[in-house]
Amino acid sequence: MFKKILIANRGEIALRIIRTCKEMGIKTVAVYSTADADSLHVRFADEAVCIGPAPSPDSYLKMSNIIAAAEITNADAIHPGYGFLSENAKFSQICEEHEIKFIGASAEMINRMGDKATAKATMKEAGVPTVPGSEGILGSIEEATQIAADMGYPVMLKATAGGGGRGMRAVWKPEDLEPAWDSARAESKAAFGNDGMYMEKLIEEPRHIEIQVVGDQTGKACHLSERDCSVQRRHQKLTEETPSPFMTDELREAMGKSAVLAAEYIKYEGAGTVEFLVDKHRNFYFMEMNTRIQVEHPITEEVVNYDLIREQIKVAAGEPISGKNYYPELHSIECRINAEDPYHGFRPSPGKITNLHLPGGHGVRVDTHVYSGYAIPPNYDSMIAKLITTAQSREEAINKMKRALDEFIIEGIKTSIPFHRQLMEHPDYVSGDYTTKFMEDFEME
Ligand code: MV4
């Protein structure tokens with residue numbers, strides 16, 4: 001087992017990892033930018049190394065400084081968390097070359113799942129359901145036109161180097177295809193240096209339901225059931241829940257089996273997430289595979305009683321998984337509390353927290369790094385806390401969420417708490433009858 005792990009991240013996820021390391025008797029090294037000198041992950045770690053100034057490219061993305069910090073503190077592993085370098089193949093490779101265990105996917109795996117057309121082709125070979133569409137990258141607009149005509153509109157053009165909604169265009173009519181082709185390729189070339197595009201039949205009003213998987217070094221994988229992440233705004237998840245209100249036992253079995261099939265086919269090692277699109281007939285299709293721990297992992301932990309960070313560390317150290325799958329015994333909801341103003345287009349609201357009171361009580365978990373007097377730096381993403389409520393039923397989890405949101409006091413900045421409070425009373429949310437289109441019609445009162 002590792003003796004010392006460097007956490008190459010900040011904020012709540014850095015704290016989350018430090019907590020599990022402490023429980024496992026593993027020493028921890030925090031890295032921080034000058035803007036985070038007073039951040040809690042610095043205080044909670046056994047050691048801390050300043051790796052540069054506030055801008056991420058000069059600190060949390062500066063691979064040389066992070067590797068240097070690992071060398072001088074003699075860390076034997078690096079946990080990247082999510083975001084930053086967590087899915088950076090070059091960083092994974094550099095860790096391997098320095099004989100520092102990267103607690104994440106190999107460079108080869110990151111590249112394979114990071115190229116969306118390759119990931120999809122791999123899944124299709126494995127026998128995982130995929131959306132009908134082009135066989136890989138489109139060679140020309142003529143080929144795109146032919147495939148769209150054969151499939152019928154609407155279709156979805158996607159950038160192979162994209163993901164998370166970037167470089168994607170829905171096309172409803174033949175005359176719109178070429179302009180969409182030109183603009184999507186230009187956007188993808190500019191953003192990723194790669195203009196490879198593929199095409200799929202457009203799935204109307206899909207749900208985003210993802211399956212948590214864990215694979216070990218023997219190539220065995222298990223699943224830990226689903227998370228419904230359909231409530232998103234501009235491809236930013238706002239709230240997630242498990243079990244999905246749209247799930248049935250047979251759909252869960254089928255999706256879980258597909259996710260394990262996918263992970264075992266690629267011999268996936270570590271914690272991963274297989275994302276699916278689910279249509280109104282409960283057909284499910286592979287969307288993307290994420291090779292990192294996700295923001296929303298706590299709701300899974302709460303309903304199956306399993307520490308995902310602990311399992312990531314154990315698997316990275318070569319330990320086998322038990323092999324059994326995990327099914328929700330409870331219902332859990334996560335609300336992402338962001339320093340944003342929901343009454344003004346969710347625009348960022350950085351600043352100093354002048355007063356903070358966190359909710360508590362049975363079934364309430366708050367994963368956060370903020371404290372009263374903490375100044376939120378403008379350099380990083382706006383999420384300041386994750387509020388998770390867990391209960392025997394969805395109705396009780398919603399009631400507990402409403403009560404916890406009412407208890408949650410944050411003064412000095414605007415937050416998305418009022419949005420979540422209103423969401424918990426929205427008829428389509430309460431009924432569970434929502435899709436990825438839900439936020440298009442949502443209005444703050
Ligand atoms: C789709 C789709 C409909 N049909 N693919 C969005 C980001 C990336 N994960 C893929 N996404 C989509 N792919 C086909 N063939 C609709 C979306 C989509 C979406 C998916 C999940 C969650 C939110 C979404 C918001 C808009 C579009």
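Throughout, residue positions are numbered sequentially from 1 according to the sequence presented. Order of appearance sets the numbers: ligands from 1, and atoms from 1 within every ligand.
Scanning the protein heavy atoms around atom 8 (C) of ligand 1, the nearest turns out to be Glu288 OE2, 3.2 Å. Of all protein heavy atoms, the one lying nearest to atom 7 (C) of ligand 1 is Gly165 N, 3.1 Å. Considering only non-hydrogen protein atoms, atom 12 (C) of ligand 1 sits nearest to Met168 SD, 3.7 Å. The nearest heavy-atom contact from the protein to atom 10 (C) of ligand 1 is Met287 SD, 3.5 Å.
In this structure, Lys237 places its NZ atom where more than 12 heavy-atom neighbours from other residues, nucleotides or ligands lie under 6.0 Å away. Annotation: Glu319, atom CD; neighbour count of heavy atoms from other residues, nucleotides and ligands within 6.0 Å is above 12.
Residue contact check: Leu277 has heavy atoms under 4.0 Å from atoms 1 (C), 2 (C), 5 (N), 13 (N), 14 (C), 20 (C) of ligand 1. Shown in contact with Leu202 at under 4.0 Å from a heavy atom are these atoms of ligand 1, numbered in order with element: 4 (N). Counting atoms of ligand 1 from 1 in the listed order, those under 4.0 Å from a heavy atom of Gln232 are 22 (C), 23 (C). Counting atoms of ligand 1 from 1 in the listed order, those under 4.0 Å from a heavy atom of Thr436 are 21 (C), 22 (C), 23 (C), 24 (C). Distances below 4.0 Å separate heavy atoms of Glu200 from the following atoms of ligand 1: 5 (N), 14 (C), 15 (N).
Using 4.0 Å as the threshold, Lys201 has a heavy atom nearer than that to some atom of ligand 1. In this structure, Lys158 has a heavy atom closer than 4.0 Å to ligand 1.
Nearest-heavy-atom check against atom 21 (C) of ligand 1 across Glu275, Arg166, His208, Arg233 picks out His208. When the heavy-atom distances from atom 25 (C) of ligand 1 to Gln236, Lys237, His235, Met156 are ranked, the shortest goes to His235.
Pairing each heavy atom of Ile313 with each of Cys21, the nearest pair is CD1-SG, 4.0 Å.
Geometrically, Arg10 does not engage Tyr32 in a cation-pi contact defined by less than 6.0 Å to the ring centre and at most 45° from the axis.
Checking Asn290 against Glu87 by side-chain atom types alone, no donor-acceptor pair falls below 3.5 Å. Under the 3.5 Å distance criterion, with hydrogens and angles disregarded, no donor-acceptor pair is assigned to the side chains of Glu226 and Ser244. Inspection of the Glu240 and Gln294 side chains reveals no N or O donor paired with an N or O acceptor under 3.5 Å.
Contacts between Ile203 and ligand 1 below 4.0 angstrom, taking non-hydrogen atoms only, involve backbone and side chain alike.
A parallel orientation is assigned to the rings of Tyr429 and Tyr434, their planes being inclined by less than 30° (bins at 30° and 60°).
Judged by distance alone, the side chain of Ser188 and the main-chain N or O of Asn194 form a donor-acceptor pair under 3.5 Å.
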